[in-house]
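Contents: one structure, followed by commentary.
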Number of protein chains: 2
Amino acid sequence: MANNTSSGNSPTAEPKTLVETAYRALRRDIIEGHLAPGEKLRVEHLKDDYGVGAGTLREALSLLISDALVVSQGQRGFRVAPVSLEDFGDITQTRVMLECEALRQSITMGDDAWEGDLLAAFHRLTKAEEKRIGTDDREEWEERNRIFHEVLISACPSRWLKHFLSILYQQAERYRRLSLYLQPIPRDIHAEHEALMQAAMARDADKATAILGEHIRLTFRSIEQIPKDQLNEKLAA
Amino acid sequence: MANNTSSGNSPTAEPKTLVETAYRALRRDIIEGHLAPGEKLRVEHLKDDYGVGAGTLREALSLLISDALVVSQGQRGFRVAPVSLEDFGDITQTRVMLECEALRQSITMGDDAWEGDLLAAFHRLTKAEEKRIGTDDREEWEERNRIFHEVLISACPSRWLKHFLSILYQQAERYRRLSLYLQPIPRDIHAEHEALMQAAMARDADKATAILGEHIRLTFRSIEQIPKDQLNEKLAA
DNA sequence: GTTTTTAAAAATCTCGAGAAAAAACGTTGA
DNA sequence: TCAACGTTTTTTCTCGAGATTTTTAAAAAC
């Protein structure tokens, strides 16, 4: 039986330095919206919240620039990266393009172990979806959803494609969460995932990429149709 | 007449902080190969070379992780990102895919100002090529080549596509320079650029992307065919 | 009442020293 | 001769304090 890291690199190696710890905590707070878009990130104030020194926090913020979750303009400090509908549209389009290509390659290259991983990831996701009904256990579902998408393209040999996709996925997750409070669950995501999984297993690249593209675009449309005043209220918060 | 920043963001805003200064100096030294691939980057040693404090240098190194020019493994310091033929192949393929798509969009969206910018960038590149004969003024040509490629896709509306491409271009430049000492000038790059420029001006997206794709791939092939022992010698240096 | 100037306050940026970890080295034992 | 162990050395990581710069606020001038 395949081990749990058959997909490649370790899922989430535990942080060994304070910089890494602060980096993860900050990233989580930005993606989950606890630190609002555009908000100023005062080092002197934040170092107490995260329990590290000023230099350490600065370094963590520098790392977050890689992920485009933090922006800095020299001599004027750090800010949480701003959000906009236009940006999310760009993220969606770029992601569709890259993720469909990666999926196509993954379907071509994937071996038996990949099929197994995919089946397992889908199963875990399904379980999380069942559990989620009623309870507000979003975190676990989010994580398993991420892994499902990751496994789908894991057989793609291009490290760079996967690297860029991980950044875009993070960005998209951020927008999804910001809109979460405005829109409950508008569509049957489970059915989409199932169809996607089956098309991939059947090695039908055309069908799989079509479903995946629509799957990603739907998330954007569900946010796009939110009245602008509500959205801006959220973006400005 | 259009100002010199009609393409969008400022070309190279001068650095205002020491972190930014150290970041650029380090980036340049890595891309140009003065800091060899895989080399250990000892903060205590480097802070003297670049004339900054230890914390400042650490921050600069953290920023270089964004560009994938530096890697770090917790508690074991920083290293120059390693290189490999496989990695360069991946960079090439991914870049062809993204840059052709960006060029297609740019050709569709580009207005008169874009055409003007493109013509100007090509002209400057040509001048640099003429000057370069005999003299070893590679730096200026490199910069103008970069700008030419940047202007080509500048009318593409996707910020993310352009962001990823700027990273890939940097990476490719690094490989190109590493191989520079092994291979002089194997092909007529000027003719390729000219054909590319003309196809773009004629709004022939199919032709332009075909030329661009081949243009990028040729750089890879010219390095690929270098005997492995010579290459590894360079990579290990 | 608006604008400009000036001064105080806040925040950023920078540095060097101390604690923790990893690597190097020599010693000891089989 | 080789391997394992413990000490020394090196390097990384972390923190708090000081120097610039930006921002804020108030006072003066038009």
Side-chain angles (χ1 to χ4, degrees), chain A residues 10 12-30 34-82 236, chain B residues 10 12-30 34-82 236:
Chain A
S10 58
T12 46
E14 64 252 32
K16 277 295 165 196
T17 68
L18 285 186
V19 172
E20 186 84 357
T21 306
Y23 164 72
R24 297 202 184 186
L26 278 162
R27 185 178 61 181
R28 181 179 168 136
D29 285 343
I30 292 174
H34 299 127
L35 292 169
E39 182 178 336
K40 201 150 193 337
L41 295 169
R42 292 182 196 79
V43 175
E44 287 302 310
H45 190 246
L46 262 61
K47 68 175 191 137
D48 300 324
D49 296 356
Y50 292 92
V52 295
T56 303
L57 191 67
R58 279 185 69 83
E59 214 174 297
L61 289 172
S62 297
L63 287 173
L64 281 163
I65 294 177
S66 319
D67 303 321
L69 292 172
V70 163
V71 294
S72 80
Q73 35 183 339
Q75 217 75 308
R76 266 187 251 173
F78 301 89
R79 302 189 89 92
V80 179
Chain B
S10 58
T12 46
E14 65 252 37
K16 276 298 166 194
T17 68
L18 284 185
V19 171
E20 187 83 0
T21 306
Y23 163 73
R24 296 201 185 187
L26 278 162
R27 185 178 60 183
R28 183 181 167 133
D29 285 343
I30 291 173
H34 299 128
L35 293 168
E39 182 177 337
K40 204 150 193 333
L41 295 168
R42 292 184 196 77
V43 176
E44 287 302 311
H45 189 246
L46 262 61
K47 68 177 191 136
D48 300 323
D49 295 356
Y50 292 91
V52 296
T56 303
L57 190 68
R58 280 185 67 84
E59 215 174 295
L61 289 172
S62 297
L63 287 173
L64 281 164
I65 294 177
S66 319
D67 302 321
L69 291 172
V70 163
V71 294
S72 79
Q73 35 182 339
Q75 217 74 304
R76 265 188 249 174
F78 301 90
R79 303 188 88 93
V80 179

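So you know, we letter chains A, B, ... as the sequences are listed, proteins then strands, and number each from 1.
Between A:K16 atom NZ and C:dA20 atom P the separation is 15 Å, expressed in whole Å. Nucleotide C:dT12 holds its P atom 12 Å from the NZ atom of A:K47, rounded to whole Å. Between the OH atom of B:Y23 and the P atom of C:dT14 there is a distance of 15 Å, rounded to whole Å. Rounded to whole Å, the distance from CZ on A:R79 to P on C:dT12 is 10 Å. Taking atom CD on A:E20 and atom C1' on C:dA21, their separation rounds to 16 Å, with Å as the unit. If you take NZ of B:K40 and P of C:dA23, they are 8 Å apart, rounded to a whole angstrom. Put simply, CG on A:L18 is 16 Å from P on C:dA19, counting in whole angstrom units.
Taking 4.5 Å as the limit, every side-chain heavy atom of A:Y23 sits out of range of all side-chain heavy atoms of A:L61. At least one side-chain heavy atom of B:L26 sits under 4.5 Å from a side-chain heavy atom of B:L57.
Summary of helix geometry: the two end axes of the helix from C:dG1-D:dC30 to C:dA30-D:dT1, each defined by five base pairs via their C1' atoms, are inclined to each other by 10° (rounded to 10°).
Using a distance-only test at 3.5 Å, with no hydrogens or angles considered, a donor-acceptor pair links the side chain of B:R79 to the main chain of B:G38.
Heavy atoms of A:Q75 sit under 4.0 angstrom from primed sugar atoms or phosphate atoms, though from no base atom.
Looking at residues 50-61 of chain A, you'll see A:R58 sit with a heavy atom under 4.0 Å from some atom of DNA chain C.
A donor-acceptor pair shorter than 3.5 Å cannot be found between the side chains of A:S62 and B:S62.
A 4.0 Å heavy-atom criterion places the boundary nucleotides of DNA chain D facing chain B at D:dT11 to D:dT14, written 5' to 3'.
You'll find that the side chain of B:R76 is closest to C:dA22, out of C:dT14, C:dA22, C:dT12.
Mapping A:E44 and B:G74 onto DNA chain D via the closest heavy atom, the residue that lands nearer the 5' end is B:G74.
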